[in-house]
Every structure is written in structure tokens, then in C-alpha cells.
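Order of the sequence lines sets the chain letters (A, B, ...), proteins ahead of strands, with each chain counted from 1.
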2 protein chains.
Amino acid sequence: MENQIEQKCRDAGLKLTGQRRTIAKILSEATDHPSANELFERCTAIDPKISLSTLYRTLRVLEETQIIRSHDFGEGYARFEVATKDPHDHLIDLVSGDVHEFNHPDLERLKQFIAKEFGYDVVRHRVELYAIPIKSSQSKRRRIRS
Amino acid sequence: MENQIEQKCRDAGLKLTGQRRTIAKILSEATDHPSANELFERCTAIDPKISLSTLYRTLRVLEETQIIRSHDFGEGYARFEVATKDPHDHLIDLVSGDVHEFNHPDLERLKQFIAKEFGYDVVRHRVELYAIPIKSSQSKRRRIRS
DNA sequence: ATTTTAATGAGAATAATTCGCATTTGTGCT
DNA sequence: AGCACAAATGCGAATTATTCTCATTAAAAT
């Protein structure tokens, strides 16, 4: 059985080349937000003769067809993720580099409200929280009594 | 009388060269969010022999000393502004390119709340609204009866 | 005025991404 | 199965914002 991305490529009228299958597989198996370089490493582990040009070209095509999304976390390069879920925002762990996803309805409302004040409609937005783990105590989610 | 930036350079122990004075002047007079290239054009109009290296180096130093701030609005290059006011967020007009600044207390509260849910403290954030002017009617601010 | 030390200019270097083009490969049709 | 053609690939060169190197110059301190 083929993955979501392959099906979507078909729907979008894209040729299913071996390279694309490899890239699609890597992307759909990723649980993180890999950069082009990280993707390239994972790809060459499967198909050592895939080229970086092809990877970049494919990433672009997949983004144009809304199959994936790219993000810029200010590192000087992009990170990618499959666009399965609804759009969401990101919290970047400054210590580990981990990326957490969230979607808060208040935030959606608030951004529209703010834009309206200026006489605008929001087309898209970018919300990123750069944060460090709370050290003093446990997080709210897993609190233990001290 | 010298501008804010020159004073701050002094305080930071930076030499006040002619080039720095020029760059400081341009920056303090800017009401927009100029890119390095735009700044370079404005600088060379005053001092044609200033070099791009110097501009970039100075921008970096000024940012390191918190005298200016740089932003990445996803255009592939940075934009700069004097760090006089409190930190704020930006609404980017997708039609004209204009940048509006805002600061909403609810947003500040909300971001801390969201981070806490994950067990984090927010160190810094990035909130950008990319928007288009409301076409159908006037903006809330300047409504006229139709 | 002299010394010290940081800043400048010019161009080379970097790094992520894109492009040009000759070659290859899916895909649809017969 | 075999063909034709558009689309995709791979290689290396090009692009672009920014940084670096290093010899020269200028500000600041003595």
C-alpha cells in the first residue's frame, strides 16, 4: 500500500518516480520537522544516487501542491512537514531543538481581531514561541507534589 | 545635537566613526523597516564611499548591543528598526508591503499560557500577520456611513 | 603628538537554494 | 509489448544575502 503523499501526487498529476517515492516515504515517516539536509541524509540512506537538486525540486513541487509545508525557524534554512493536519503554530525548544505543535482558538480569534483594527483581513500568519523548559518544578501536565 | 543611536554607541563603548554616524542617522530617521540594501542606498546618498561590508558589520554590532532589532518577514533578507519602543509584533500588508506594529496584552498572556501547558517559559516569540486591506467597506477606524 | 586598538574597504568565501541543459524515465496510447 | 512525449533527473554552475580576511586607516586614550 502506498502512503498519503503518493496518492496526493497522483491526484495532482505528478509523475511517481523512484526518487519521489523515496522522498514521500521519508517525509511521511518523519515525526519531526527535518531540514533539507536532514531529509537528504535520510534519502541517500535508501537511495544513494538521489541528487540534492531533485530533493529541493521535489520539496518545492510538494509545497506548491500543498502536500507539505515549510517553516523558517530562523536557522538560515527551512524545515518541512507533511500538511496532513490543520495548520498549526510551533513552540521551539531552545535547549533540545524539539518542535511542539499547538493550535489555540483564542489565538485565531485574537489575530483576526487585531488585523480588523487596522482594517485588514489576515491571509496567513506566523506564530512561533521560542522557549526553555520550566526548570524549578514539573510542568503543569505532569505535576507531582513536592 | 546627536541622535539616540550615537549616544548609545558611546555608552556601549563603540567608536563613533563617520560611517557609523551616517548609518545611525539613516536608521534614526527611518519610519519604515528598511532592508540592508535599502539602508545601503540611503547611506551612499550621503556618503558614497561607505562600503556594504561596513554596513553589514555595523548592523550586526548594533543588533548585538540591542540598539536595533532585525526581523525576517520571509523575503529572504532582513529588515531593521531602531529598538526604541517596547518589543512589538508586526502586521505586513501583502499588497503594499507596509508594516504596521502592534502590541496586544492578550497575546502576551496567551503565549505564556500556551507555553506553560507544554512546560515551557517563553524566551522570545515571533508573531507576524500577513494580511490584505478589507475591500468591501472601510476599516473600523475610519468608517463612514454608506 | 604618539600609541593603541578598533573600524574600514575590497574582494573572496559561505551556504541554502535555484537554474540550465543534456539525458533518462514514467505514463498514456496503440 | 512497444512508442512518443512530456515531465523529471543529475550535474554543475549561478544566485543571493551575509560573513570573513587582512592590509590600511582613523578614533580614542595616553
Side-chain angles (χ1 to χ4, degrees), chain A residues 2 5-27 33-44 46-65 67-80, chain B residues 2 5-27 33-44 46-65 67-80:
Chain A
E2 60 184 13
I5 296 183
E6 292 195 11
Q7 185 53 55
K8 286 188 181 170
C9 281
R10 237 182 261 290
D11 296 346
L14 298 174
K15 277 191 186 173
L16 273 182
T17 64
Q19 293 90 330
R20 280 189 181 161
R21 277 180 220 273
T22 301
I23 296 169
K25 179 176 163 62
I26 298 292
L27 280 168
H33 292 70
S35 65
N37 262 333
E38 287 166 351
L39 288 170
F40 188 58
E41 281 178 18
R42 298 178 201 181
C43 284
T44 46
I46 294 180
D47 172 5
K49 58 199 175 308
I50 202 166
S51 100
L52 191 54
S53 301
T54 298
L55 173 59
Y56 270 111
R57 217 173 333 173
T58 303
L59 289 173
R60 187 127 81 123
V61 169
L62 293 179
E63 190 178 3
E64 282 167 1
T65 47
I67 295 172
I68 65 173
R69 277 192 283 260
S70 82
H71 300 286
D72 167 16
F73 295 147
E75 299 164 299
Y77 48 80
R79 294 189 168 275
F80 301 86
Chain B
E2 61 182 13
I5 296 181
E6 292 193 12
Q7 185 53 55
K8 286 189 181 170
C9 282
R10 236 183 261 290
D11 295 347
L14 299 174
K15 278 190 186 174
L16 272 182
T17 64
Q19 293 90 331
R20 279 191 182 160
R21 276 180 221 273
T22 301
I23 295 169
K25 179 177 163 61
I26 297 292
L27 280 168
H33 293 70
S35 65
N37 262 332
E38 289 165 350
L39 288 169
F40 188 58
E41 282 178 17
R42 299 179 200 181
C43 284
T44 47
I46 293 179
D47 172 7
K49 56 199 176 311
I50 200 166
S51 100
L52 191 54
S53 301
T54 298
L55 174 60
Y56 270 111
R57 210 171 329 138
T58 303
L59 288 173
R60 187 127 79 124
V61 169
L62 293 180
E63 190 179 2
E64 282 167 2
T65 48
I67 295 172
I68 64 174
R69 278 192 283 260
S70 82
H71 300 285
D72 167 16
F73 295 147
E75 300 163 298
Y77 49 80
R79 294 188 168 275
F80 301 85

Side chain proximity check, B:T17 to B:T22, heavy atoms < 4.5 angstrom:
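When only atoms from C-beta onward are counted, B:T22 and B:T17 do not touch, as no gap falls below 4.5 Å.
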Whether the side chain of [X] engages the backbone of [Y] through a donor-acceptor N/O pair (distance < 3.5 Å, no angle test) should be reported.
X	Y	answer
B:R79	B:H33	yes
A:T58	A:T54	yes
A:T44	A:D47	no
A:R20	A:K15	yes

Can B:D11 and B:Q7 be said to form a side-chain hydrogen bond (donor to acceptor under 3.5 Å, both in side chains), step by step?
CA-CA 6 Å; B:D11 295 347; B:Q7 185 53 55; 3.1 Å; yes
Contacts of B:N37 and A:G13 projected onto DNA chain D by closest heavy atom; the upstream (5') one is A:G13
Taking atom [atom2] of [N] as reference, at what distance in whole Å does atom [atom1] of [X] sit?
X	N	atom1	atom2	result
B:I50	C:dA7	CD1	P	14 Å
A:L52	C:dA15	CG	C1'	11 Å
B:L59	C:dA7	CG	C1'	15 Å
B:Y56	C:dA7	OH	C1'	19 Å

May I ask you to say whether A:E6 pairs ionically with A:R21, meaning some side-chain N is under 4.0 Å from a carboxylate O?
yes
For B:S70 and B:E63, run side-chain hydrogen bond (donor to acceptor under 3.5 Å, both in side chains): C-alpha distance rounded to whole Å, both residues' side-chain angles, the deciding distance at 0.1 Å, then the answer.
CA-CA 7 Å; B:S70 82; B:E63 190 179 2; 3.1 Å; yes
Which nucleotide in the list C:dA10, C:dC19, C:dA16 gets nearest to the side chain of A:Y77?
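Of C:dA10, C:dC19, C:dA16, C:dA16 is nearest to the side chain of A:Y77.
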Reading DNA chain D in the 5' to 3' direction, which nucleotide is the first one with an atom under 4.0 Å from a heavy atom of chain A, and which is the last?
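Taking any atom under 4.0 Å from a heavy atom of chain A, the span is D:dA6 to D:dG12.
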Indicate, yes or no, whether a donor-acceptor pair under 3.5 Å links the base of C:dG26 to the side chain of A:R20.
no
Measure all distances between protein nitrogen or oxygen atoms and nitrogen or oxygen atoms of nucleotides 27-30 of chain C, and list the pairs falling under 3.5 Å.
residue: C:dT27; atom: OP1; partner: A:L16; partner atom: N; Å: 3.0

Contact list (N/O, under 3.5 angstrom) for nucleotides 11-14 of chain C vs protein:
residue: C:dG11; atom: O6; partner: B:S53; partner atom: OG; Å: 2.7

